[in-house]
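Below is one structure, written out as structure tokens; comments come after it.
Here is how names work: the chains are called A, B, and so on, in the same order as the sequence lines, proteins then strands, and each is numbered from 1.
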Number of protein chains: 2
Amino acid sequence: MVTAARKPETGTPTVYDVAERARVSIATVSRVYRSPDAVRAPTREKVLAAARELGYVPSGSARGLASRTTGILGLCFPDYTDPETDTPGDGDENAATLYADHIIRGMERAARSRGYALLIAASLRDGPTNLVATLAGHVDGFAVMSRTVDAKDLETVSRRMPVVTLAGPAELGHLDNVQVDNRDGQRELTRHLITDHGLTDLAFVGGPADSPDAEERFLGYQDACRDAGLPVPPEPTLRGALTRTAGREAARTLVAGGGPTPGLPQALLLANDQMAVGALEEFAAHGVRVPQDIAVTGFDGIPLGAMAHPPLTTVRQPSRRIGEEAVALLVDRIAAPQRDPRPVVLPVSLVLRASCGCAEPVPAPRRG
Amino acid sequence: MVTAARKPETGTPTVYDVAERARVSIATVSRVYRSPDAVRAPTREKVLAAARELGYVPSGSARGLASRTTGILGLCFPDYTDPETDTPGDGDENAATLYADHIIRGMERAARSRGYALLIAASLRDGPTNLVATLAGHVDGFAVMSRTVDAKDLETVSRRMPVVTLAGPAELGHLDNVQVDNRDGQRELTRHLITDHGLTDLAFVGGPADSPDAEERFLGYQDACRDAGLPVPPEPTLRGALTRTAGREAARTLVAGGGPTPGLPQALLLANDQMAVGALEEFAAHGVRVPQDIAVTGFDGIPLGAMAHPPLTTVRQPSRRIGEEAVALLVDRIAAPQRDPRPVVLPVSLVLRASCGCAEPVPAPRRG
DNA sequence: ATGAAAGCGCTAACAG
DNA sequence: CTGTTAGCGCTTTCAT
């Protein structure tokens with residue numbers, strides 16, 4: 001064994017230092033970390049002891065280079081949060097932001113349980129820093145939330161490693177994709193209002209036209225109208241950002257008679273919970289009673305909805321599962337790169353509370 | 001130039017492939033990605049074109065190995081979430097979980113703005129997978145939230161790279177640390193109850209004895225009692241998990257006369273907002289009026305508190321800033337490894353709402 | 001069960 | 001401004 005000393009113990013310790021100290025070869029040191037069982041116990045102990053004494057930590061970069069896998073999965077998500085607002089905040093964080101938190105959590109947990117760590121990077125509203133480039137070189141595969149990265153870049157990178165698109169339509173057909181059944185959920189919710197509550201004069205407040213989720217929900221709304229033989233509106237009654245403030249504004253517009261028809265509709269369906277909660281607040285401020293004067297519904301199932309007055313009827317989507325599915329898809333494809341692309345559509349569930357007129361089984365909270 | 005072709009274009013493209021195609025040296029290809037300005041425009045274009053055609057993506061591992069920096073910062077955080085509950089949930093997620101989301105967000109943003117990506121890994125309640133080992137080899141430095149990793153490992157790794165401890169006491173004195181002024185916040189809040197509302201019969205519901213934050217808050221509570229000349233309790237009146245359910249239980253115990261003194265105290269201070277909201281619910285269910293019959297306060301400043309009935313008086317902590325400070329500290333130390341350790345204590349702020357007896361809406365009587 | 005040697009893909013001086 | 005030449009620290013055959 002002539003693994004001649006390199007530097008006289010300078011800088012951070014490497015396999016060479018550990019090997020020298022334990023009087024074994026670097027290959028053995030490497031084995032101790034990769035497959036401990038392939039090394040005799042006494043030898044292993046010697047190596048571990050030397051490593052401990054030296055404060056040795058394997059270099060992820062070197063391992064990655066040599067083995068061509070990093071043990072890291074990536075996620076690109078949108079960051080719409082107002083940098084001004086500090087948190088814990090006033091509850092008006094953008095829905096997409098909260099949503100991303102859940103997906104991150106779901107992915108992190110699923111990844112960890114399979115031995116991967118999670119590398120995350122958000123795409124600024126404005127700054128188009130090349131996210132893909134930042135992540136791609138470091139991971140074994142990654143997930144991108146809808147509309148956060150340039151399709152071109154995605155296309156290029158997806159030729160080199162597993163990529164799954166999340167929470168939006170499958171922009172690139174040949175990629176795995178996971179989304180929730182927005183359309184079906186909104187259809188069911190609308191049907192509930194029409195069939196179970198006998199409401200026929202409805203209004204839908206949509207999100208920005210470039211929000212795939214919000215558009216899908218509108219399609220579901222249209223479906224339900226069509227199914228019930230009601231007129232099918234070609235466009236949402238109103239549109240707004242997916243924020244509480246926009247919801248308030250929509251409600252205000254309606255109260256002021258700014259809607260397409262005089263007077264209030266029987267029900268107001270909003271594209272997400274944030275907006276719905278805003279509408280609830282505005283109606284309360286104007287003395288409009290919910291659900292007596294108008295039914296109100298949201299979409300997402302955020303905690304805030306359950307605390308609203310009245311509690312908000314909504315559609316709950318399994319946001320954490322999106323992240324979990326993403327990891328499953330990624331790991332699966334890492335194992336079988338040539339497998340056919342698999343689109344996953346996660347089911348949603350109706351949450352019927354008081355804001356649509358359904359009885360609330362809980363002891364009515366005291367009004368503030 | 002005799003950069004003889006290596007393999008006939010197999011596998012994922014490397015600098016060699018790009019160089020060959022663009023008819024330049026690998027050094028030039030490398031330069032185009034590191035300092036584009038150091039390369040003449042025409043040359044640069046040639047390289048970029050070749051890279052595009054080949055679908056070239058720089059290998060993070062190789063870069064990391066060669067340059068000894070990865071451009072990645074890490075975070076170890078606790079994961080207490082019940083895997084059963086899906087999200088968006090019922091609002092009873094563990095406070096620590098929500099808290100971690102904000103820190104992640106703060107760190108991610110701060111990191112990105114400085115050119116770093118964020119690698120995250122949670123420590124299971126049970127599974128003691130070696131987090132540090134997972135992360136350490138891949139990052140240029142990392143932050144660990146209180147009590148998520150073995151102090152021994154931390155000690156070892158911190159000798160090799162920047163490490164900052166978060167949201168808890170500085171367990172390792174020689175490390176940078178950032179925490180929130182829990183003690184001062186609780187002291188101020190308690191003082192407000194005593195001085196401004198004239199309450200003297202108080203009760204404090206603490207968290208688990210092994211929660212540093214909760215313990216700090218109790219110390220602040222003791223401080224205020226001492227300052228006001230009131231008896232200083234050696235222990236919290238009650239203790240519980242930092243959850244809504246535990247808050248309900250505490251309130252129930254008090255209502256049932258299970259407290260140390262007969263009857264209700266004048267004020268109930270709980271170790272965090274989740275618990276406080278639970279207490280609010282339980283009091284409402286028993287017809288106990290807040291704040292007329294009893295004042296209630298929390299700690300954290302979560303959105304739920306503002307929606308509660310009555311709106312919850314609390315102490316808001318800048319959770320996102322914790323993450324931002326962590327990055328600042330890390331980047332700073334990467335630049336100056338020998339700098340003295342710097343402990344950062346972030347200020348908190350009182351949020352006075354109706355649950356303590358302050359009129360609502362309040363033009364916040366900003367004390368503290 | 002352990003060792004020797006050859007890279008993995010890129011950056012970093014140093015030349016020119 | 002561009003090319004040459006060494007490694008960076010580890011995994012991997014292939015021997016032994």
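For the helix from dA1(C)-dT16(D) to dG16(C)-dC1(D), the angle separating the two terminal helix axes comes to 20°, with each axis derived from five pairs and the value rounded to 10°.
Close to dG7(D), at under 4.0 Å from its OP1 or OP2, lies no side-chain N or O of Arg68(B). Listed pair Ser25(B) / dG3(D) meets the phosphate criterion, a side-chain N or O lying under 4.0 Å from OP1 or OP2.
A donor-acceptor pair is defined here as one N or O able to donate and one able to accept, closer than 3.5 Å; such a pair exists between the side chain of Arg147(A) and the backbone of Asp210(A). For the pair Ser158(B) (side chain) and Leu154(B) (backbone), a donor-acceptor distance under 3.5 Å is present. Remark: side-chain polar atoms of Ser35(B) are not paired, donor with acceptor, to backbone N or O of Ala38(B) under 3.5 angstrom. Proximity of a side-chain donor or acceptor of Thr148(B) to a complementary backbone N or O of Phe77(B) within less than 3.5 Å is not detected. Between the Ser123(A) side chain and the Val149(A) main chain, no donor and acceptor come within less than 3.5 Å of each other.
Protein atom NE2 of His138(B) is 12 Å distant from nucleotide atom C1' of dC10(D), rounded to whole Å. Straight-line distance from the CZ atom of Arg160(A) to the C1' atom of dG9(C): 14 Å, rounded to whole Å. In this structure, the CG atom of Leu65(B) is 12 Å from the P atom of dG9(C), given to the nearest Å.
The side chain to side chain contact (heavy atoms under 4.5 Å, CB included) search around Pro341(A) returns Asp176(A), Arg333(A), not counting sequence neighbours. In this view, Ala110(A) and Glu324(A), Val327(A) satisfy the side chain to side chain contact (heavy atoms under 4.5 Å, CB included) rule, not counting sequence neighbours.
For Thr12(A), whose side chain is taken as the heavy atoms from C-beta onward, the closest listed nucleotide among dG9(D), dG9(C), dG3(D) is dG9(D).
Near DNA chain D, defined here as any heavy-atom distance below 4.0 Å, there are no residues from residues 42-49 of chain A.
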- Query: Can you give one letter per nucleotide of nucleotides 11-16 of chain C, 5' to 3': B if a protein heavy atom sits under 4.0 Å from the base, S if only from the sugar-phosphate, - if neither?
  - Reply: BBB---

Check residues 41-49 of chain B and write down every donor-acceptor pair under 3.5 Å in which the side-chain atom is one partner and the other belongs to a residue at least two apart or another chain.
residue: Arg44(B); atom: NE; partner: Pro36(B); partner atom: O; Å: 3.2
residue: Arg44(B); atom: NH2; partner: Val39(B); partner atom: O; Å: 3.3

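Rounding to the nearest 0.5 Å gives a distance of 5.5 Å between CZ of Arg21(B) and CG of Leu54(B). From Leu118(A), atom CG reaches atom CG of Leu73(A) across 6.5 Å, with rounding to the nearest 0.5 Å.
Asp37(A) comes within 4.0 angstrom of no nucleic acid atom, judged by non-hydrogen atoms across all strands.
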- From CA spacing to verdict: salt bridge (Lys or Arg N to Asp or Glu O under 4.0 Å), Glu108(A), Arg112(A): CA-CA 6 Å; Glu108(A) 195 284 326; Arg112(A) 175 162 34 82; 2.8 Å; yes

